[in-house]
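See structure below.
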Amino acid sequence: MAIPRTRPSAYPAILSYGFRPFFLLGSLQAASAMLLWLPLYYGKLETFSTFLPVDWHIHELLFGYLPAVVTGFLLTAIPNWTGRLPVQDFRLLALVLLWITGRVAVFFSAETGWLLAAALDCCFLLAVVVAAAAEIIAGRNWRNLKVLLPVATLFAANVLFHAEAHYQGVSDISRRLGLGAVVVLIMVIGGRIIPSFTRNWLVRDRPGRLPTPFGRLDVGTIALSAVGLAAWSFFPDTIATGVLLVVAAVFNAVRLARWAGDRTLSDPLVLILHLAFAFVPLGLLLAGLAAFAPGRIPPVAGIHTFAVGAIACMTLAVMARATLGHTGRELKASAGTCAVFVAILIAALLRVAAAVAPAEAILLHMSAAFWIAAFAGYAVLFGGFLMRPRLRARA
């Protein structure tokens, strides 16, 4: 007998699978945090946080939004890896409440004290790593334990972020360490799902050239990129770091070209995965060039290429596809879904342009507007799917 996807429950549908609450809360967090950011940036609004406005902005997207989406993905993927039932009901509710507690604690850390806020905030990712590891180990799915290494690094970066912000007044290494961890996670997970989804779609609808299977080039590229991003985290301005990043950019571009993305133009759900991953080599290139010529290529260009390009685009792409598939709906992008994808791509391109040309403030404002439209759009389009039970298959 096939293992049931969920066990019978008296809890609402939104607590039946990890992607449901965390994708919805993550999208709302991403939209609301960006809505508050520009008033904070211009001094029109204040938080009750010990963080400087720029650190609050970085933290709530890197360690607020991102962990929510990563958790939703992991808690949904792990049952497929292990054959075990998903984390749901009370255990899932406990994780959701822990995530919410972290958001409130960070916002009011000036009232609670930085150490208590840091402890409450960091507990979430620690709990996720423990819960995910327990499920993988119980399912004897040893090979997927390595997926938790970037997540554990993200947890360590969050701890360091709080410490840097308190003792130095502003975060530094932790920003890049957290970004690098998630970029490596995209390389690992993206390297699985992008060729797989592309192959499945091409075999069904477009006979011909298929994505190249995972091989030594992929392993070497991920390893080289991880070393380069680690060097970037601690020594962003050295020539050696620049060389590592530029070489990693070239190999990631080659890797992407092997996945037959040029043949997916007619399927937005597949195409957006390729476009999102394209920001990985672009971010590596800009971060590497900044080490050679920081006066011409500002360091923030690479940072925002990773954050708004690779990470935001990839997470929205995965959120949309997973929501459709796991709620029993057809894997087909509606006009609204396409609009969400276009909005986040425009937001990414405008944010990179704003980093290169900081005097053009309109670029920053437009990027923020498109970001909010993308994540609010996801919440509106998919929120109902996430809160209602899975559609039953037709006989």
Side-chain angles (χ1 to χ4, degrees), residues 22 26 55 58-75 77-78 81 95 98-99 102 106 118-137 141-165 168 171-192 218-236 241 244-245 248 252 277 279-280 283-284 287 299 302-303 305-307 309-312 314-315 318:
F22 282 114
D55 272 343
I58 294 168
H59 185 274
E60 287 309 284
L61 295 178
L62 186 55
F63 301 109
Y65 161 72
L66 261 176
V69 176
V70 169
T71 301
F73 173 82
L74 284 177
L75 295 185
I78 287 173
W81 299 343
L95 286 173
L98 191 57
W99 180 84
V106 168
L120 292 173
D121 178 48
C122 293
C123 275
F124 174 72
L125 269 173
L126 180 60
V128 169
V129 171
V130 170
E135 289 296 312
I136 291 173
I137 291 170
N141 185 245
W142 310 110
R143 72 184 186 91
N144 279 314
L145 277 174
K146 63 179 178 290
V147 173
L148 298 184
L149 290 176
V151 185
T153 303
L154 187 63
F155 161 73
N158 194 16
V159 174
L160 181 59
F161 192 102
H162 282 278
E164 281 189 325
Q168 297 182 10
S171 63
D172 179 30
I173 294 172
S174 54
R175 300 180 184 184
R176 295 186 297 275
L177 184 62
L179 275 175
V182 180
V183 171
V184 171
L185 189 62
I186 288 174
M187 292 178 191
V188 174
I189 299 297
R192 294 184 184 183
D218 301 272
V219 174
T221 299
I222 293 171
L224 173 65
S225 302
V227 172
L229 288 166
W232 179 64
S233 298
F234 295 95
F235 313 104
T241 295
L244 283 170
L245 292 175
N252 274 283
F277 195 91
F279 285 101
V280 170
L284 290 166
I303 287 174
T305 303
F306 288 142
I311 294 173
M314 185 63 75
T315 51
V318 171

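Count residues from 1 along the sequence. All values derive from a computational prediction rather than experimental measurement.
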Heavy-atom check, side chain of Val128 versus side chain of Phe155, under 4.5 Å: no

With the side chain counted from C-beta on, respond yes when Val147 and Arg192 share a heavy-atom pair under 4.5 Å apart, and no when they do not. yes

Working note: Ile311 + Leu179, criterion side-chain contact (heavy atoms from CB on, under 4.5 Å); need CA distance, chi angles, decisive distance, verdict. CA-CA 9 Å; Ile311 294 173; Leu179 275 175; 3.6 Å; yes

Could you name each residue pair satisfying side chain to side chain donor-acceptor pair (under 3.5 Å) that touches residues 221-231, not counting sequence neighbours? Ser225-Asn252

Nearest 0.5 Å please: distance from the CD1 atom of Ile222 over to the CG atom of Leu185. 10.5 Å

Any side-chain heavy-atom pair from Phe73 and Ile189 closer than 4.5 angstrom? yes

Nearest 0.5 Å, what's the CG-CE distance between Leu284 and Met187? 5.0 Å

Closest heavy-atom pair and its distance - Gly26, Ala68: CA-CB, 4.1 Å

According to side chain to side chain donor-acceptor pair (under 3.5 Å), who are the partners of Asp218, at least two apart in sequence or on a separate chain? Arg255

Quick test of your reading: applying salt bridge (Lys or Arg N to Asp or Glu O under 4.0 Å), list the pairs with at least one residue in residues 123-133, sequence neighbours left out, ordered by first then second residue. none

For Glu164, give me all partners under salt bridge (Lys or Arg N to Asp or Glu O under 4.0 Å), at least two apart in sequence or on another chain. none

How close do Leu154 and Gly178 get, heavy atom to heavy atom, and via which atoms? CD1-O, 3.7 Å

Does any non-hydrogen side-chain atom of Leu244 lie less than 4.5 Å from one of Leu224? yes

CZ of Phe277 to CD1 of Ile186: how many Å apart, nearest 0.5 Å? 8.0 Å

Among residues at least two apart in sequence or on other chains, which ones pass ring-ring contact (aromatic ring centres under 6.0 Å, His included) with Phe63? His59, Phe161

Where Val280 and Ala310 come nearest, the two heavy atoms and their spacing: CG2-CB, 3.8 Å

In chain order, what residues pass the side chain to side chain contact (heavy atoms under 4.5 Å, CB included) check against Ala226, with sequence neighbours excluded? Val184

Residues in side chain to side chain contact (heavy atoms under 4.5 Å, CB included) contact with Ile78, at least two apart in sequence or another chain: Leu74, Trp81, Thr82, Ala132, Glu135, Ile136

ring-ring contact (aromatic ring centres under 6.0 Å, His included) filter on Tyr65, not counting sequence neighbours, yields Phe375

Student check: side-chain heavy atoms of Ile303 and Trp232 closer than 4.5 Å: yes

Determine the sole option in Val159, Val151, Val130 for which the side chain to side chain contact (heavy atoms under 4.5 Å, CB included) test with Leu125 is passed. Val151

Any non-hydrogen side-chain atom of Val318 less than 4.5 Å from a side-chain atom of Val69? no

Would a 4.5 Å heavy-atom cut-off, applied to side chains only, mark Trp99 and Thr71 as touching? no

Only pairs at least two apart or in different chains count here, so list each salt bridge (Lys or Arg N to Asp or Glu O under 4.0 Å) that has a residue in residues 174-185. Asp55-Arg175, Asp172-Arg176

Residues two or more places apart in sequence or in another chain: which of them pass side chain to side chain contact (heavy atoms under 4.5 Å, CB included) with Leu120? Thr101, Ala105, Leu116

Minimal heavy-atom distance between Ala127 and Leu95, with the atoms involved, is CB-CD2, 3.9 Å

Does Leu229 reach the side chain of Phe306, with side-chain heavy atoms less than 4.5 Å apart? yes

Could you pull out all residues at least two apart from Ala230 that satisfy side chain to side chain contact (heavy atoms under 4.5 Å, CB included)? none

Which atoms form the tightest heavy-atom contact between Arg143 and Lys146, and what is the distance? O-NZ, 2.7 Å

